[in-house]
Protein chains: 2
Amino acid sequence: MARNDSTAAQGADRLLASDLAQDLSFLVARLRSRGSAAANARLAPLDLKVRSYSVLSLACGDPSPSQRELAEFLWLDPSQIVALVDGLEGRGLVRRETDPSDRRSKLVLGTARGRELCARARVAASAAEDDSLRALGAGERAALRALLARAAFGPAD
Amino acid sequence: MARNDSTAAQGADRLLASDLAQDLSFLVARLRSRGSAAANARLAPLDLKVRSYSVLSLACGDPSPSQRELAEFLWLDPSQIVALVDGLEGRGLVRRETDPSDRRSKLVLGTARGRELCARARVAASAAEDDSLRALGAGERAALRALLARAAFGPAD
DNA sequence: TATTGTTATACTCTATAACTATA
DNA sequence: TATAGTTATAGAGTATAACAATA
């Protein structure tokens with residue numbers, strides 16, 4: 001077993017009093033670990049993971065992203081985008097299209113099959129959010145979303 | 001270069017309109033990427049990373065944690081804790097002590113040198129938080145902290 | 001000369017199972 | 001029989017450099 005299953009988690013509560021438990025970066029990291037574990041579990045039946053789902057979701061959106069934009073937005077290296085797009089393209093979920101206005105750049109577009117799978121993946125991702133944020137009500141989730149959006153895309157350094 | 005340096009990030013703003021940009025799990029993941037990059041940069045002069053800092057910080061706290069508790073609290077596998085404690089112990093920053101009440105269990109305690117380094121690391125971690133959360137004011141950070149604490153330690157699944 | 005995508009490589013992180021010693 | 005720690009190994013994720021095509 002990796003990490004701790006929920007049935008075994010009952011002994012470390014006394015560490016909640018530690019300084020680290022109030023460290024924002026630590027809290028974000030812990031929530032991400034739990035959240036991505038939940039999301040990967042929900043996406044597994046669709047043969048997707050959080051990273052491939054992110055690429056698929058953006059590719060199926062309205063302004064079709066270039067690989068360069070995907071790398072910037074997902075905070076990944078361009079070379080990692082290549083591998084992710086390769087995987088999705090091999091399954092017929094997205095396709096590359098050279099940008100007519102800049103032949104260096106390749107746009108990534110969702111296929112019909114990709115959009116269909118993406119719709120199902122969104123449902124799975126939403127269920128995973130419920131799994132990992134059970135402690136928060138709808139209003140609190142909205143407040144958290146607004147704060148995170150500003151923090152995640154705001155000026156860094 | 002890995003990922004994107006801040007000077008080059010200006011082209012993917014149009015993807016902010018995507019569905020994914022409102023996905024809570026995605027926002028948490030992106031903020032964590034940025035936050036841990038900032039924290040690792042600040043901790044590098046002390047030869048620490050976010051994970052080793054987390055262990056050191058807990059070991060230097062008041063209720064000395066067992067390795068089992070560290071694994072549960074940090075959401076890591078027990079086998080990963082072994083490697084992290086090995087590294088810190090080899091540098092004389094923490095030491096293992098068999099729990100008298102259960103000789104299977106080993107408590108991890110910070111040494112004098114470890115506590116001194118930990119104090120400096122806390123300053124670095126705080127500076128990293130400023131780096132990555134520049135977009136939020138003090139009140140917003142407090143609100144975010146409270147929401148994250150409940151979400152990160154609340155019931156999961 | 002700079003940028004987009006690509007390939008290749010190495011390194012870190014994470015997952016999993018088996019083993020030991022204690023309980 | 002169960003639990004805490006350890007070891008070993010494999011796979012996923014990440015970092016870095018070099019190259020071709022295009023600007």
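Every chain is numbered from 1, with letters handed out A, B, ... down the list of sequences. Every heavy atom of this structure was used, including side-chain atoms; hydrogens, water molecules and symmetry mates were not.
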ask   = Side chains of B:L88 and B:L48: does their closest heavy-atom pair fall under 4.5 Å?
value = yes

request  = Determine: side-chain N/O of A:R51 to OP1/OP2 of D:dA12, distance under 4.0 Å, yes or no.
outcome  = no

query = With under 30° as parallel and over 60° as perpendicular, where do the rings of B:F26 and A:F153 fit, or are they tilted in between?
reply = tilted

ask   = Nearest-Å distance, CG (B:L74) to C1' (C:dT14)?
value = 14 Å

note = B:R104 atom CZ is separated from D:dA4 atom C1', nearest whole Å, by 6 Å

query = Would one find a side-chain N or O of A:R103 under 4.0 angstrom from OP1 or OP2 of D:dT22?
reply = yes

inquiry  = Rounded to whole Å, how long is the line connecting atom CD of B:E72 with atom C1' of D:dT3?
reply    = 13 Å

ask   = To the side chain of B:S66, which of D:dG5, C:dG5, D:dA23 is closest?
value = D:dG5

key: B:L133 backbone acceptor or donor facing B:R141 side chain under 3.5 Å   = yes

Could you pull out the protein-nucleic contacts involving nucleotides 6-10 of chain D (nitrogen or oxygen on both sides, under 3.5 Å)?
residue: D:dT6; atom: OP1; partner: B:R96; partner atom: NE; Å: 3.2
residue: D:dT6; atom: OP1; partner: B:K106; partner atom: NZ; Å: 3.1
residue: D:dT6; atom: OP2; partner: B:Q67; partner atom: OE1; Å: 3.0
residue: D:dT6; atom: OP2; partner: B:Q67; partner atom: NE2; Å: 2.7
residue: D:dT6; atom: OP2; partner: B:R96; partner atom: NH2; Å: 3.1

request  = Rounded to the nearest angstrom, tell me the gap between atom CG in A:L76 and atom P in D:dA12.
outcome  = 17 Å

message = What is the separation between atom CD on A:E97 and atom C1' on C:dT4, rounded to the nearest whole Å?
response = 16 Å

key: Spacing of B:N40 atom CG relative to C:dT12 atom C1', expressed in whole Å   = 11 Å

request  = Without swapping roles, check the side chain of A:R91 against the backbone of A:D47 for a donor-acceptor pair under 3.5 Å.
outcome  = yes

key: Sugar-phosphate only, base, or nothing, as touched by B:D99 at under 4.0 Å among non-hydrogen atoms   = nothing

task = Nearest whole angstrom, please: distance from the C1' of C:dT4 to the CG of A:L107.
result = 12 Å

key: Test item: A:E89 side-chain N/O and A:R96 main-chain N/O as donor-acceptor pair under 3.5 Å   = yes

inquiry  = Tell me the closest heavy-atom pair linking B:A21 and B:L15, and the distance in Å.
reply    = CB-O, 4.2 Å

inquiry  = Does D:dA4 have its OP1 or OP2 closer than 4.0 Å to a side-chain nitrogen or oxygen of B:R68?
reply    = yes

note = Output for pair (B:K106 NZ, B:E97 CD), nearest 0.5 Å, gives 12.0 Å

remark   = To the nearest angstrom, the NZ-P distance between B:K49 and C:dC11 comes to 12 Å

